[in-house]
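Treat the numbers as computed from the prediction; the structure is a model and nothing was measured. Residue numbers begin at 1 in each chain, while the letters A, B, ... track the order of the sequences.
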Protein chains: 2
Amino acid sequence: MKKSLSLTEENYIKAIFQIGTTPESNVSTNALADNLQTKPATVSDMIKKLSHKKLIFYEKYKGVTLSASGSKEALKIIRKHRLWEVFLVNHLNFKWDQVHEIAEQLEHIKSSELVNRLDDFLGNPTIDPHGDPIPDANGQVQLGPSKLLSEMTSHENGIIVGVKNEDPLLLQHLDKINVRLGLHIEVTEVNDFDQSIQVKLADLGTMFLSEKITSQILIAKNL
Amino acid sequence: MKKSLSLTEENYIKAIFQIGTTPESNVSTNALADNLQTKPATVSDMIKKLSHKKLIFYEKYKGVTLSASGSKEALKIIRKHRLWEVFLVNHLNFKWDQVHEIAEQLEHIKSSELVNRLDDFLGNPTIDPHGDPIPDANGQVQLGPSKLLSEMTSHENGIIVGVKNEDPLLLQHLDKINVRLGLHIEVTEVNDFDQSIQVKLADLGTMFLSEKITSQILIAKNL
DNA sequence: TTAAATTTTTAGACTAATCTAAAAATTAAT
DNA sequence: ATTAATTTTTAGATTAGTCTAAAAATTTAA
Ligand SMILES: [Mn+2]
Ligand SMILES: [Mn+2]
Ligand SMILES: [Mn+2]
Ligand SMILES: [Mn+2]
């Protein structure tokens, strides 16, 4: 039986997964240090360990990518994180801006039985409170097509399906201006100078959104 | 703001609380080493640290007792442990013999907001699945009078209100012989030789119970 | 009340995770 | 194509938590 990952190792694996885009872009030492709020020297050490454990592929000075077993571990952690976020919002009445920090702790609880029962208790949700897809017990994620609101042009429309970032300040702001998942949105005007746009939100009227915000909002085609 | 306790420190504080009886019996180094599955030398070191942090009172070679702040911390951890056990049994359909290990992890999740919301979600339970009282948000526990089944004499009767031990093998055995919390029990005979007793359980008829079992079962007066 | 047994503490060492400072390799700019 | 800037790795320390072995204190027994 292979020994289970330490909390720190889990956080590295998750960070590598989340920084790395598809397909396999090599994740740099500095990017990891940044993401994990640690120093490059520390990352270099940990990378050697994870590489030795065959969780990542590593060539000196070339960055890392997850191996198959590394990806599997990452997906398990992300699954737990997102299921717990659903629990916190749907059953404990937390707001979507309050759950990420707590889920950062809960995602490390080790018990596959617990995760699967939690999944059932929650009704096998497919997305978390921020619109992120929840991997199933086999690590499969199904992810509908979507694009950033910042990439849409005049008269394009769709449904708000996610936010890319879980910064509480962003989420609270979106709450305040009534931008929520599931709402229909239509771009009415794009300002070429600063990329700010005007949108019509469901039946709540029109509003202006800065590029800082539109670059964090995911829209799906309104089929 | 005082830095929060490490997972290890929390486990020491909890162990000291649970070993120490009322009033303040000094908890020995060996008892702690035993309970925490570690070595006396390790305990000696940690004791110095906890003493320095004023969580325990310590005199060399004399054992330790919790300070007021130490007790407060212990009660917070125990509250979390027991609330999570209620969640696991009542909402995720775990059996009472399956929850202790998982609760050992969940009890270290740090968020008072989470604990209090969980408490409300569960309906502010006063006991956990093993009959142990759950401290409230202020650390208050209310504990009805009870005695061990092993201390009862012929014709005494009462209600089964708790088990002292969470060993899965004990709990599974109690399940198998239909010994559950809330049942009425009457001692029909005590065997002086081996302290085994015969009992009448609710309307399930009579059975024999060894001292090993009766010494783990708590009975309250049937008022 | 000495001696023996037990408990507890100290001394010294190890691992995981971290840091700073400096060296080495890579990448970008002249 | 050299040089300069940046990134990454190594070297050497540090802290928390742990261990073994040995010394010191306490408790128990003769
Ligand atoms: Mn999150
Ligand atoms: Mn999320
Ligand atoms: Mn328990
Ligand atoms: Mn319990």
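- Note on T42(B): a side-chain N or O is less than 4.0 Å away from OP1 or OP2 of dC19(D).
- Atoms CD (E59(A)) and P (dT9(D)) sit 11 Å apart, rounded to a whole Å.
- At whole-Å resolution of the value, NZ in K60(A) and P in dA25(C) are 9 Å apart.
- Comparing atom distances between the Y61(B) side chain and each of dT18(D), dC19(C), dT26(D) picks out dT26(D) as nearest.
- Applying the side-chain contact (heavy atoms from CB on, under 4.5 Å) criterion to L114(B), with sequence neighbours excluded, gives L88(A), L92(A), F94(A), I102(A), W84(B), I109(B), S111(B).
- Of the N and O atoms on the side chains of D128(A) and H81(A), not one donor lies less than 3.5 Å from an acceptor on the other residue.
- Taking atom NZ of K39(B) as the reference point, atom P of dC14(C) lies 18 Å away to the nearest angstrom.
- At the phosphate of dC19(C), OP1 or OP2 sits under 4.0 Å from a side-chain N or O atom of T38(A).
- Checking dT9(C), dT9(D), dT8(D) against every side-chain atom of Y58(A), the shortest atom distance belongs to dT9(D).
- When rounded to the nearest whole Å, the span between CD1 of I47(B) and C1' of dA16(D) equals 17 Å.
- The phosphate of dA16(C) (OP1 or OP2) has no side-chain N or O of T8(A) nearer than 4.0 angstrom.
- When rounded to the nearest whole Å, the span between CD of E10(A) and P of dA16(C) equals 16 Å.
- A salt bridge links K147(B) to E156(B): at least one charged side-chain nitrogen sits closer than 4.0 Å to a carboxylate oxygen.
- The listed nucleotides are dT8(D), dT26(D), dT18(C); the one nearest the side chain of N30(A) is dT8(D).
- If you measure from atom NZ of K48(B) to atom C1' of dT18(D), you get 14 Å, rounded to the nearest angstrom.
- In the displayed structure, E101(B) atom CD is contacted under 6.0 Å by at most 12 heavy atoms of other residues, nucleotides or ligands.
- Ranking dT8(D), dT18(C), dT20(D) by closeness to the S44(A) side chain, first place goes to dT8(D).
- Rounded to an integer number of Å, the gap from M46(A) CE to dT8(D) P is 17 Å.
- Scored by the side-chain contact (heavy atoms from CB on, under 4.5 Å) test, K76(A) finds E73(A) as partners (sequence neighbours excluded).
- Comparing atom distances between the S28(B) side chain and each of dT8(D), dT8(C), dT20(D) picks out dT8(C) as nearest.
- Rounded to an integer number of Å, the gap from D45(B) CG to dA11(C) P is 11 Å.
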